Amino acid sequence: MHVVLTACVLLASCGTSTAPNAEPGPVRMRAEVVEVLPHDPKAFTQGLELDGDRLYEGTGLEGESSVREVDPRTARVAKKVDLPSPMFGEGVTVTGSAIWQLTWKDGVAIQRDKQTLAEVRRVPYTGEGWGLCHDGQRLVMSDGTDKLTFRDQDSFDPVGEVRVRSGSEPVTRLNELECTPDGVYANVWQTDTVVRIDPASGSVTATIDLTGLLTPAERANTDVLNGVAAVPGTDEFLVTGKLWPKMFRVKFVTAG
């Protein structure tokens, strides 16, 4: 999810035949660009979430990790707090007056005051931290596998989990997450694909192709797509990537 690139991601096995009575597969969708916005090309984006007109972004890399409040229209950083080295920052999400921030292999989640970004406390967890979102009642966390873990929004204690499947195949490398009433959207690391997941069953209900947002020249000095944030009150999303010079306001529409 972070620095090393490989060529293969398991969304579903190639050439798998569909059984006669199998349920329909995920809906195929694409991103329709509504607006192009600036983005800090030095931000190694790990988490992205809109709260009203404020954009909260978590960034990664050892010695460069931070959480920041950003003006989404200008990319101006209004507030920024760095993580102590060698912590590697990961997904972030807002829960009321607090922000939770994951770390990759450090085994702690950091709860912060939303207004100041100041650290309030740290809570340990087992395994890696990748993506995080809040569905209004609980936290949803990814760890790079096919598992989503549900956690108490106050204590961070695990309260359940679900395995993500596209048909009968596991969907792994689930990274940055966004909780919406339609399901949990997840970036699939090392791809230009976002999947929409039914959190009750773990079934992938849609796959969204975000190929081609950046030109080949723009993509040359960037890392992978990572960052999806629902725009409140609309059917639109903000999407970006690690070290991307742009952020895109998009609609997810059925692929032709």
Side-chain angles (χ1 to χ4, degrees), residues 26-40 43 45-59 67-80 91-102 111-117 131-142 148 150-151 153-154 174-187 192-200 204-210 213 225-241 244 246-255:
V27 176
R28 292 176 56 251
M29 306 184 80
R30 61 179 178 82
E32 181 179 275
V33 176
V34 175
E35 186 177 12
V36 180
L37 299 165
H39 181 253
D40 181 0
T45 305
Q46 302 286 54
L48 201 68
E49 183 161 332
L50 271 171
D51 182 55
D53 60 356
R54 293 184 290 185
L55 180 67
Y56 293 98
E57 183 171 12
T59 69
V67 61
R68 53 183 73 180
E69 179 190 320
V70 180
D71 181 340
R73 302 210 63 81
T74 65
R76 184 183 72 85
V77 177
K79 297 186 185 77
K80 176 174 175 284
V92 299
T93 196
V94 174
T95 60
S97 62
I99 294 174
W100 282 103
Q101 181 180 26
L102 298 177
Q111 188 181 49
R112 299 182 177 278
D113 179 88
K114 185 175 73 172
Q115 296 302 321
T116 65
L117 306 185
L132 191 68
C133 67
H134 181 234
D135 69 3
Q137 297 181 323
R138 60 188 178 177
L139 300 168
V140 184
M141 175 179 164
S142 63
L148 295 179
F150 306 118
R151 294 183 176 274
Q153 63 183 357
D154 298 315
L174 301 170
N175 203 359
E176 215 270 304
L177 304 179
E178 180 71 2
C179 292
T180 77
D182 295 329
V184 177
Y185 289 81
N187 285 264
D192 288 327
T193 298
V194 168
V195 294
R196 186 182 67 205
I197 303 159
D198 176 357
V204 171
T205 59
T207 61
I208 304 134
D209 183 7
L210 279 76
L213 290 177
L225 176 81
N226 199 49
V228 55
V231 180
T234 76
D235 60 351
E236 299 172 354
F237 294 81
L238 297 181
V239 296
T240 191
W244 282 28
K246 295 177 180 178
M247 182 166 62
F248 299 86
R249 185 166 176 148
V250 301
K251 289 185 177 181
F252 297 150
V253 299
T254 303

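Residues take their numbers from the sequence shown, with the count starting at 1. This is a predicted model, so every value here is computed, not measured.
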* Would you call the rings of F237 and F252 parallel, tilted or perpendicular, where under 30° means parallel and over 60° means perpendicular? -> parallel
When rounded to the nearest 0.5 Å, the distance separating CG of D209 from CZ of R30 is 10.0 Å
For P38 and A75, the nearest pair of non-hydrogen atoms, with its separation, is O-CB, 3.7 Å
In short, L174 meets A186 closest at the heavy-atom pair CD2-CB, 4.0 Å
Residues 93-102 vs side-chain hydrogen bond (donor to acceptor under 3.5 Å, both in side chains), sequence neighbours excluded, gives E49-T93, Q101-R112
Tightest non-hydrogen contact, residues T116 and D113, listed as N-OD2, 2.9 Å
So CG of L48 and CG of L238: to nearest 0.5 Å the spacing works out to 6.5 Å
**OP:** Check whether any side-chain heavy atom of Y56 lies under 4.5 Å from a side-chain heavy atom of D51, and answer yes or no.
**Re:** yes
- prompt: Side chains of L50 and P72: closer than 4.5 Å at any heavy-atom pair?
  reply: yes
ask   = Got a sec: does the CD of Q137 have more than 12 other heavy atoms crowding it under 6.0 Å?
value = no
Separation between CD1 (I197) and CG (L148), nearest 0.5 Å, reads 5.0 Å
Taken to the nearest 0.5 Å, the spacing of T193 OG1 from M29 CE works out to 13.5 Å
From the list V194, N187, V250, V253, side chain to side chain contact (heavy atoms under 4.5 Å, CB included) with I208 holds only for V194
*Please confirm whether the backbone N or O of G131 pairs with a side-chain atom of S142, one donor and one acceptor, at under 3.5 Å?*
yes
#### Entry: F248 and L210, any side-chain heavy atoms less than 4.5 Å apart
no
- Message: Counting C-beta onward and ignoring hydrogens, is there a side-chain heavy-atom pair between V140 and F150 closer than 4.5 Å?
- Response: yes
- Does a sphere of radius 6.0 Å around NZ in K251 hold more than 12 heavy atoms from other residues, nucleotides or ligands, not counting ones at 6.0 Å or beyond? no
Please answer whether the main-chain N or O of K246 pairs with a side-chain N or O of T240 as donor and acceptor at a distance below 3.5 Å. yes
When rounded to the nearest 0.5 Å, the distance separating CG of N175 from CG of N226 is 4.0 Å
Per side chain to side chain contact (heavy atoms under 4.5 Å, CB included), L132 is matched among L139, L177, V92 by L139
* **Verdict with reasoning, R196 to D182, per salt bridge (charged side-chain N to carboxylate O under 4.0 Å, His left out)** => CA-CA 8 Å; R196 186 182 67 205; D182 295 329; 5.6 Å; no
Indicate yes or no: at least one non-hydrogen side-chain atom of V184 is less than 4.5 angstrom from one of C179. yes
To the nearest 0.5 Å, atom CZ of R73 lies from atom CE of M247 at 9.0 Å
Is there a donor-acceptor pair under 3.5 Å between the side chain of E69 and the backbone N or O of K79?
no
side-chain hydrogen bond (donor to acceptor under 3.5 Å, both in side chains) test vs E57 passes for just one of K80, H39, R68, Q46, namely H39
(message) Could you check whether any side-chain heavy atom of R54 comes within less than 4.5 Å of a side-chain heavy atom of K114, counting everything from C-beta outward?
(response) yes
